[in-house]
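Since this is a predicted model, take the numbers as computed values, not measurements.
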There are 2 protein chains.
Amino acid sequence: MPKLSAAAIRSKKDTIEDAARELFIKQGFHATSMRDIAKGADVSLGNLYNYYETKDSIFESIIDRYLTVIDEQLKSIFAEIDEPMEPANLRKLGANVGKLVNEHSDFWLLMYIDVLEFQNRHFRKMFDGITDRFRKIFGDKFAAAEARGDLRMGVDAAPVFTAAYMQFFNYFLVEKLFGGNRHLGLDDEQALNCLTKVFAYGTLSEQNLSRFKRSANKSLSG
Amino acid sequence: MPKLSAAAIRSKKDTIEDAARELFIKQGFHATSMRDIAKGADVSLGNLYNYYETKDSIFESIIDRYLTVIDEQLKSIFAEIDEPMEPANLRKLGANVGKLVNEHSDFWLLMYIDVLEFQNRHFRKMFDGITDRFRKIFGDKFAAAEARGDLRMGVDAAPVFTAAYMQFFNYFLVEKLFGGNRHLGLDDEQALNCLTKVFAYGTLSEQNLSRFKRSANKSLSG
DNA sequence: GAATAAAAAACGGACGTTCATTTTCTTTAT
DNA sequence: ATAAAGAAAATGAACGTCCGTTTTTTATTC
């Protein structure tokens, strides 16, 4: 009574999902047939149904696995941020987001597929309550920065940090997927510098700004 | 030899395109059949082909007409901006972008369809060289603001203005289409205030900031 | 009654899924 | 050691449906 090992099943599912993902991204979900996937994964049509109940469930499986990968990468990006509102760290956040977008642009296309064909069912949690999540991660750092007088009077760090995060994402997504080549009129490095500066000057207190100006300004041209 | 008037043809095409657009948005392009469109527009299946060559051409026709509508609205939004870097005007830009996104969310879904199914063929021009376009529209205003000393030393207004524009767009798109309900942890008004403040403090010179603080700060809480 | 418009029917093919069949391979009996 | 057994896994033909488009038929209007 032969039965595939869990590893063998996982490996085969990986093959199938890799092929499916590539096709979904290249031609969309509905335009990709089960026969396409079978051919791409070098598996018979019928055999697909030994691993997945429906075509939809292949899509869902891809998303679920990808989401955990992205979540982990995001976690490690946030983990290396000790002082979230410090300009150098904001810039590094931007650079890391850029890497994430460029190395996993597939993922974001899947998100658009999800928006269009599944009412964003699977990706909803990506943005829902994101500021609260940042508050959970960096809440004490935000409070400490405020207590130190790093921030301008009346600035709530959480939404600003979220806005910076979103702006970085949007910048690289537009560059990668929407054909806005150098849409800020700057290369990526200059764009990162420019956006970082805006958020630094936009939130830091004057005393902290002058410190920032002395130390980092030279390196953030553009 | 009866022949429909141009107006009658246009009216019927409008009916068809309205139905098609609604369906494309609700269930995607490939998931929408010509039979669906025919039923939605209360037209026979065969008759569709008296007005359009293919299903693709219906999509293209919708996009073309919609693009001109959006272009005009954007033009009028920009036309009422006399001083692009002034905080009050940035905020108004944000509010207008919000209206544009919310009133025409269909349009932006079509853009995602275009990204996925047509490699963004029809929407490419939307973001390509956008900063240069702003430079053409506001170049003299940017230069004047710089000459007046409104801006911090070394700030190039064009990419910052573009970034603000993109940030507003992204904020409302995430709110409307991606299920990020109050993803900045603020309501729309507060979010506009918060973002406007960041860009104001992020770019204005100190002399101009103090003027801004006196006049507008009270109204931009959040 | 001639030309246009609309409707209906038909076409060939592709779709997601099912299913009868064959292949594969571990286990058991010899 | 090997053959038989038998379930798991893989296959590809088959099913019924729906697809975009074309063709044929009917209705409308001058």
Practice item. Name all residues meeting the ring pair (Phe, Tyr, Trp, His ring centres under 6.0 Å) criterion together with A/His122; count only those two or more places apart in sequence or in a different chain, and write none if there are none. Key: A/Phe59, A/Phe118

Practice item. Just grab all the ring pair (Phe, Tyr, Trp, His ring centres under 6.0 Å) pairs involving residues 181-200 of chain B, residues at least two apart or on different chains. Key: B/Tyr171-B/His183

Side-chain polar contacts of residues 36-45 of chain A - donor-acceptor pairs under 3.5 angstrom, sequence neighbours left out - could you list them?
from, atom 1, to, atom 2, distance (Å)
A/Asp36, OD1, A/Ser33, OG, 3.4
A/Asp36, OD2, A/Gln27, NE2, 3.3
A/Asp36, OD2, A/Ser33, N, 3.1
A/Asp36, OD2, A/Ser33, OG, 3.2
A/Ser44, OG, A/Asn47, N, 3.2

Check your understanding: In whole angstrom, what separates A/Tyr52's OH from C/dT18's P?
Key -> 17 Å

Review point. Can you give one letter per nucleotide of nucleotides 20-27 of chain D, going 5' to 3': B for a protein heavy atom under 4.0 Å from the base, S for sugar-phosphate only, - for none?
Key: BBB-----

Review point. What residues, two or more places apart in sequence or in another chain, satisfy ring pair (Phe, Tyr, Trp, His ring centres under 6.0 Å) together with A/Phe78?
Key: A/Phe134, A/Tyr165

Review point. Does B/Ser44 have a side-chain nitrogen or oxygen under 4.0 Å from the phosphate oxygens OP1 or OP2 of C/dA7?
Key: yes

Practice item. May I ask you to say what A/Tyr51 touches in the nucleic acid, namely base, sugar-phosphate or nothing, with a heavy-atom cut-off under 4.0 Å? Key: sugar-phosphate

Revision key, fill the gap. A/Lys39 atom NZ is separated from C/dC15 atom P, nearest whole Å, by 10 Å

Revision key, fill the gap. With A/Phe123 as partner, the option from A/Tyr112, A/Phe107, A/Tyr66, A/Trp108 fulfilling ring pair (Phe, Tyr, Trp, His ring centres under 6.0 Å) is A/Phe107

Review point. For DNA chain D, whose closest nucleotide is more 5', that of A/Leu48 or that of B/Ala31?
Key: A/Leu48

Check your understanding: What residues form a side chain to side chain contact (heavy atoms under 4.5 Å, CB included) with A/Ser5, not counting sequence neighbours?
Key -> A/Ala7, A/Ala8

Review point. Quick one: is C/dA5 close enough that its OP1 or OP2 comes under 4.0 Å of any side-chain N or O from B/Lys12?
Key: no

Check your understanding: Between D/dA10 atom P and A/Ile9 atom CD1, what is the distance in whole Å?
Key -> 9 Å

Exercise for review: Let me know the distance between CG of A/Leu4 and P of C/dT23, rounded to the nearest Å.
Suggested key: 18 Å

